[in-house]
Structures are given as structure tokens and as C-alpha cells.
2 protein chains.
Amino acid sequence: MNQNAHSFLSADTVDEASRTFKALADPTRIKILYLLSQEECSVNHITEVLEMTQSAVSHQLSMLRNLRLVKYRREGNTFYYSYADEHVITILNQVLTHIECK
Amino acid sequence: MNQNAHSFLSADTVDEASRTFKALADPTRIKILYLLSQEECSVNHITEVLEMTQSAVSHQLSMLRNLRLVKYRREGNTFYYSYADEHVITILNQVLTHIECK
DNA sequence: TAAGTATATGAACATATGCTCATATAAAAT
DNA sequence: ATTTTATATGAGCATATGTTCATATACTTA
């Protein structure tokens, strides 16, 4: 068995996969993305549904924004968020479905 | 828009999903699981391929064992590891494939 | 039986993560 | 113009994470 006996992943690929899974690795972000997979939501709505502080939610949305997993539109003072990465939502739903079917 | 306008996830489901994604969120564990998705490997082999210390690899294998994502068999002094959770491997390969196709 | 080989494990340490608290920003309402 | 409402953001803090270093364990070989 030598080091060339199998295919390799580039460091970039591994890093990006890691970033994707990290985004989904936190319960709060899972809940936010699951919510957004069902409907566009204001920050306030997310805050109420998750029963968390506005700041905590906003920080997580900021992270999800940086990862380009969510996008938003503004309407006056209200920001409506929605998901921006179909593939990540698919992966999330796959895992959730698999867990709930056990 | 009220709190009952959409379906909810149980805390247990969210936690288990989080644990699954956390397992895949680290580059070292991604590399190990990817290797094991292709062939059963000894700890030594993993250590050499990943160019990491034996201790670091062993610690990660210990974590993957606790999460029931890998199993092993012993042959004298050598421990051969293989993956134990088909679904997690499927998810990993899906994400890796998606990244590499971009 | 002693030395060597393969792996596991505990402690320590540096970095990352997720929250809170205080405050900033910007539009809306008064 | 001032206050209110909705959201963003920086600093600080406690906990989690991943690695190294030292050492333990267990089997093999001389």
C-alpha cells in the first residue's frame, strides 16, 4: 500500500468542504437555515421563533452572509432574509430527514 | 406570520444533525474519512498519507470511533480502520463532488 | 525475558467559536 | 427634530477544539 494507491483531494477542496460543514455544525445556524428553507424571514421573526437575543441571531446571520449561504432584502427598517445556497439546503434537509427516519 | 406557521425540529434532531456536521467540519477528519471511503487503512498508513503525527491521527480516530463513524479490526499490532456510517460517507462525497464540479 | 513496534491516551496549550453587553446606524413615526 | 423601531457590530468572556508532548498499553520479535 503506497501513497499513490488512491485519489487525492486538493487542500482547497478539503478546506471548502470543511467550511461548508462548519456552517452547518452549529444548532443555531441549523435552525436558522431550516427556517429560511421554509420561508423568507425577518430578523425579528427569527429571533422570536428561536427565542434568542437579537444580537446572537444577527451575529449568526452575519456569518451566514459572509459564507454566502443567505441573502436579504430591505423593506424600510425590516430586513428579510432568505437562503442563497440551494445545495447547502439540500444537504441539510437530507441529514435532517435521515435523522428523523431512524 | 406567527410561530406556528411552519414545521419545527425537535432539539434532539437539531443536536444530532449538529454532531454529524461537526464530525465533518474538520479538514483532518474529512481526509481520514475520505481515505477510509476508498480503502481500509492502518493508523500508520493514515499517518503517512496525511503527513501528521501518530498522536494527532489517533486522537481524531478516537473521536470518530466515539461518533460511531469508523470501526476497526486488529491484526497483531496493527489496527485496520474502516468507515462505519454509510450515510455520512454519502454526504461527504456529495459535498466533495459538488465542490470539485464548480 | 528484554527490546521493538503499533497504537492509545492524558495533560497542557493555543486558537476558534458563540454568546452577552453596550453601542452604532438608519429608516419610520411622532 | 426627536423618539422609536429594526438591525448591525465591536469588545469581552467562557467554552470547545485540535494539536503536541510525554507516557501507557499490548502485541511481536530477538
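For clarity, every value in this text was computed on a predicted model and none was experimentally measured. As a basis for the values below, the full set of heavy atoms in this structure was taken, side chains included, without hydrogen atoms, waters or symmetry mates. Lettering of chains follows the sequences in order, A, B, ..., and the numbering in each one begins at 1.
The side chain of A:Asn77 approaches C:dA26 more closely than any other nucleotide in the set D:dT28, C:dA26, D:dT7. Closest to the B:His59 side chain, of the nucleotides C:dT20, C:dA11, C:dA26, is C:dA11. Between D:dC27, D:dG18, C:dT9, one nucleotide has an atom nearer to the side chain of B:Met63 than all others, and that is D:dG18. For A:Arg29, taking side-chain heavy atoms from C-beta onward, the closest of the listed nucleotides D:dA8, D:dC27, C:dG18 is C:dG18.
The backbone N or O of A:Glu16 lies less than 3.5 Å from a partner atom in the side chain of A:Thr20, making a donor-acceptor pair. Of the possible donor and acceptor atoms, one in the side chain of B:Thr97 sits under 3.5 Å from a partner among the backbone N and O of B:Asn93. No donor-acceptor pair under 3.5 Å is formed between the side chain of B:Ser62 and the backbone N or O of B:Ser58. Side-chain N or O atoms of B:Arg74 include none that pairs as donor or acceptor with a backbone N or O of B:Phe79 at under 3.5 Å. The backbone N or O of A:Ala25 lies less than 3.5 Å from no partner atom in the side chain of B:Arg19, so there is not a single donor-acceptor pair. Distance alone, capped at 3.5 Å, places no donor-acceptor pair between the A:Ser18 side chain and the A:Val14 backbone. No donor-acceptor pair under 3.5 Å is formed between the side chain of A:Thr13 and the backbone N or O of B:Glu100.
With rounding to whole Å, B:Leu61 atom CG is found 13 Å from C:dA6 atom C1'. In this structure, the CG atom of A:Leu67 is 14 Å from the C1' atom of C:dA16, given to the nearest Å. As a whole-Å value, the separation of B:Met52 CE from C:dA8 C1' is 15 Å. B:Leu64 places its CG atom 16 Å from the C1' atom of C:dT9, with the value rounded to the nearest Å. If you measure from atom CG of A:Leu50 to atom P of D:dT7, you get 13 Å, rounded to the nearest angstrom. Separating the CZ atom of A:Phe79 from the P atom of D:dT5 is a distance of 17 Å, rounded to the nearest angstrom. Atoms CD1 (A:Ile46) and P (D:dT7) sit 9 Å apart, rounded to a whole Å. Atoms OH (B:Tyr80) and C1' (C:dA8) sit 18 Å apart, rounded to a whole Å.
Annotation: proximity of residues 10-27 of chain A to DNA chain D (heavy atom, distance under 4.0 Å) is found for no residue.
Listed pair B:Asn44 / C:dT5 fails the phosphate criterion, with no side-chain N or O lying under 4.0 Å from OP1 or OP2. Contact annotation: B:Arg65 reaches the phosphate of C:dA8 (side-chain N/O to OP1 or OP2, under 4.0 Å). For the pair B:Ser62 and C:dA8, the criterion of a side-chain N or O lying under 4.0 Å from OP1 or OP2 is not met. Put simply, A:Tyr72 has no side-chain N or O that comes within less than 4.0 Å of OP1 or OP2 on D:dA6. Of the side-chain N and O atoms in A:Gln60, none sit less than 4.0 angstrom from OP1 or OP2 of C:dT17. Under 4.0 angstrom from either OP1 or OP2 of C:dA8 there lies at least one side-chain N or O belonging to B:Tyr81. Contact annotation: A:Ser58 side-chain N/O to D:dT9 OP1/OP2 distance is not under 4.0 Å.
Surrounding CZ of B:Arg65 are more than 12 heavy atoms belonging to other residues, nucleotides or ligands, all under 6.0 Å away.
Looking at heavy-atom distances under 4.0 Å, A:Thr53 makes contact with sugar-phosphate atoms alone, never a base. At the heavy-atom level, B:Thr78 lies under 4.0 Å from the strands shown only through sugar-phosphate atoms.
Side chain B:Gln54 to base C:dA6: no donor-acceptor pair is found below 3.5 Å.
Each of A:Glu75 and B:Ser55 has a nearest nucleotide on DNA chain C; the 5'-most of these lies closest to B:Ser55.
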